[in-house]
Amino acid sequence: MKSKKILCVLCFSLFGLWSCNQDLRFSGSPQVSKLMDPPVIDPIDPVKTEYLKNQGVCAADSSTQVTSCMKCPIPPPPVQAPQLSFKAQALLEIMSRACQVPNKSDPDNYIAPTREAILAQINRCSPSLYKDTTATSAQNSLIQSLVKDSDTLRRKMFGNLWYNPPYSDNFETFFGLDVGEARGLICYRNSGVSGAIYDAGYYNSPDSFNYRMPKEYVQANQIREDLKNCLTESTSHPWVKQPDPPPKTCRFESISGLSGEPIQEQVKLWLSQGWTVSIEASSLPNDPDYGPPPPSNQNQCLPLTTTEELKGMQGALKAAAYICR
């Protein structure tokens, strides 16, 4: 009876110990925790693609090689319109020589004007105001003869009687001005051009009122109107040389790396901003539009106009672009 009581006390004690401490440990068994920490897993770093970017200012001599198929050319500054048309320049060269030829009609104490003085009279006779016309072979021959060192023809036309066909006719129809008028207007500085210019047929016609001019004289009177206008402008609004426009500055940018979204986005941005773009690729799609594949030791280089042309390109790429402003 006594042994039973002792057993009950031991059992009760053991039960109380279990209820107070639920971590029951058994000799020879591993330690176990009811609330286990979550396992720690090392993250796997994604493969990083490095993109090399470059940018700069294009060399002034257009030598900057952006890709193997594209340089960065510096556009030349725009060519300004010449001060004088060819017709006005020819008149200047002829009259600067012809005014030196003496004539019995010269006023007393006549001094021939300098080339600079004649230029001042016609300084606004530009290609837009004193328009060029295609010279006939006879007109061209006349111009060349009148600007030569020999003054044989100049003395014949400007040193004697003004009317010497066919030379005077060719002069009139090309410049819209007869020889006598040219001498008075430019050499003597008489009043400006007025009225029309007529061929010999007009003066010999029995009915000059209904006379129809030959087409070359119709054109000559159109030229004459231009001459009137440019002479007026030369006095009222003399020509002033405009400063040469500054040369354009060009910039380039490039991105190199494996084909992917960064290159596509950069090309898209360049194209949207008006850059000139090309791409260098180590491999291209098997497409006849791209031409034969490059040798194994060379890259293929192509101009780009859309991002569609990037599709199918694999491997290492170099996209580059330039723009001039």
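All values below were derived from every heavy atom in this structure, side-chain atoms included, with hydrogens, water molecules and symmetry-related copies excluded. Nothing here was measured: the structure is a model prediction, and the numbers come from that model.
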Greater than 12 external heavy atoms within 6.0 Å of E261's CD: no
Any side-chain heavy-atom pair of Y163 and D169 under 4.5 Å: yes
ILVMFWY cluster, L185 and L146 together (side-chain gap under 4.5 Å): yes
Charged N-O contact under 4.0 Å between E265 and K268: no
Transitive ILVMFWY side-chain link V267 to Y51, under 4.5 Å: yes
pair L119-W239: side-chain heavy atoms closer than 4.5 Å: no
E181 and W162, any side-chain heavy atoms less than 4.5 Å apart: no
Y167-F171 aromatic ring centre distance below 6.0 Å: no
Shared hydrophobic cluster for L129 and V193 (ILVMFWY, side-chain gaps under 4.5 Å): no
Reported CD1-to-CG distance for the pair I255 and L52, which is rounded to 0.5 angstrom: 9.0 Å
No-hydrogen, no-angle side-chain donor-acceptor test under 3.5 Å, T307 and Q264: no
Nearest-0.5 Å distance, CG of residue D226 to OG of residue S126: 9.5 Å
Within-4.5 Å side-chain heavy-atom neighbours: E309 and L302: no
Whether R154 side chain and K148 backbone form a donor-acceptor pair below 3.5 Å: yes
Donor-acceptor under 3.5 Å (Y202 side chain, R212 main chain): no
Under 4.5 Å side-chain linkage, directly or through intermediates, the cluster mates of V79: none
Any side-chain heavy-atom pair of C301 and M70 under 4.5 Å: no
Name every donor-acceptor pair, under 3.5 Å, that has one atom in a side chain of residues 240-251 and the other anywhere in the protein, sequence neighbours excluded.
unit_1: Q242; atom_1: NE2; unit_2: V240; atom_2: O; d: 3.3
unit_1: D244; atom_1: OD1; unit_2: Q80; atom_2: NE2; d: 3.0
unit_1: R251; atom_1: NH2; unit_2: E253; atom_2: OE2; d: 3.1

Side-chain donor or acceptor of R124 paired with backbone N/O of H237 under 3.5 Å: yes
Nearest-0.5 Å distance that lies between atom OG in S145 and atom CG in D151: 12.0 Å
Atom pairs and distances, side-chain donor-acceptor, residues 82-102, under 3.5 Å, sequence neighbours left out:
unit_1: Q83; atom_1: NE2; unit_2: N123; atom_2: O; d: 3.2
unit_1: S85; atom_1: OG; unit_2: A88; atom_2: N; d: 3.1
unit_1: S85; atom_1: OG; unit_2: Y130; atom_2: O; d: 2.8
unit_1: K87; atom_1: NZ; unit_2: T133; atom_2: OG1; d: 2.8
unit_1: K87; atom_1: NZ; unit_2: F174; atom_2: O; d: 2.6
unit_1: Q89; atom_1: NE2; unit_2: E93; atom_2: OE2; d: 2.8
unit_1: E93; atom_1: OE1; unit_2: R97; atom_2: NH1; d: 3.3
unit_1: E93; atom_1: OE2; unit_2: R115; atom_2: NH2; d: 2.5
unit_1: S96; atom_1: OG; unit_2: L92; atom_2: O; d: 3.0
unit_1: S96; atom_1: OG; unit_2: E93; atom_2: O; d: 3.0
unit_1: R97; atom_1: NE; unit_2: V147; atom_2: O; d: 3.4
unit_1: R97; atom_1: NH1; unit_2: E93; atom_2: O; d: 2.9

Residue D207 excluded, over 12 heavy atoms near CG under 6.0 Å: yes
Pairwise distance CD(Q300) to CG(L317) - rounded to 0.5 angstrom: 12.5 Å
Residue pair K228 / E225, side-chain heavy-atom distance below 4.5 Å: yes
Contact summary for V66 and A321, nearest pair of heavy atoms: CG1-N, 4.0 Å
Any side-chain heavy-atom pair of T173 and Y217 under 4.5 Å: yes
I122 side chain near L231 side chain, heavy-atom distance below 4.5 Å: yes
Centroid separation Y110 to Y188 less than 6.0 Å: yes
Positive for side chain to side chain contact (heavy atoms under 4.5 Å, CB included) with C324, one of P73, P75, C58: P75
Neighbour count >12 (heavy atoms, 6.0 Å) for atom CG, L269: yes
Cluster check I197, I143: I/L/V/M/F/W/Y, side chain < 4.5 angstrom: no
Backbone N/O of G201 and side chain of S205: donor-acceptor pair under 3.5 Å: no
Joint hydrophobic cluster, M313 plus L271, side-chain heavy atoms closer than 4.5 Å: yes
N221 side chain vs G176 backbone, donor-acceptor pair below 3.5 Å: no
Spatial distance of atom CG (D106) from atom CZ (F158) [nearest 0.5 Å]: 12.0 Å
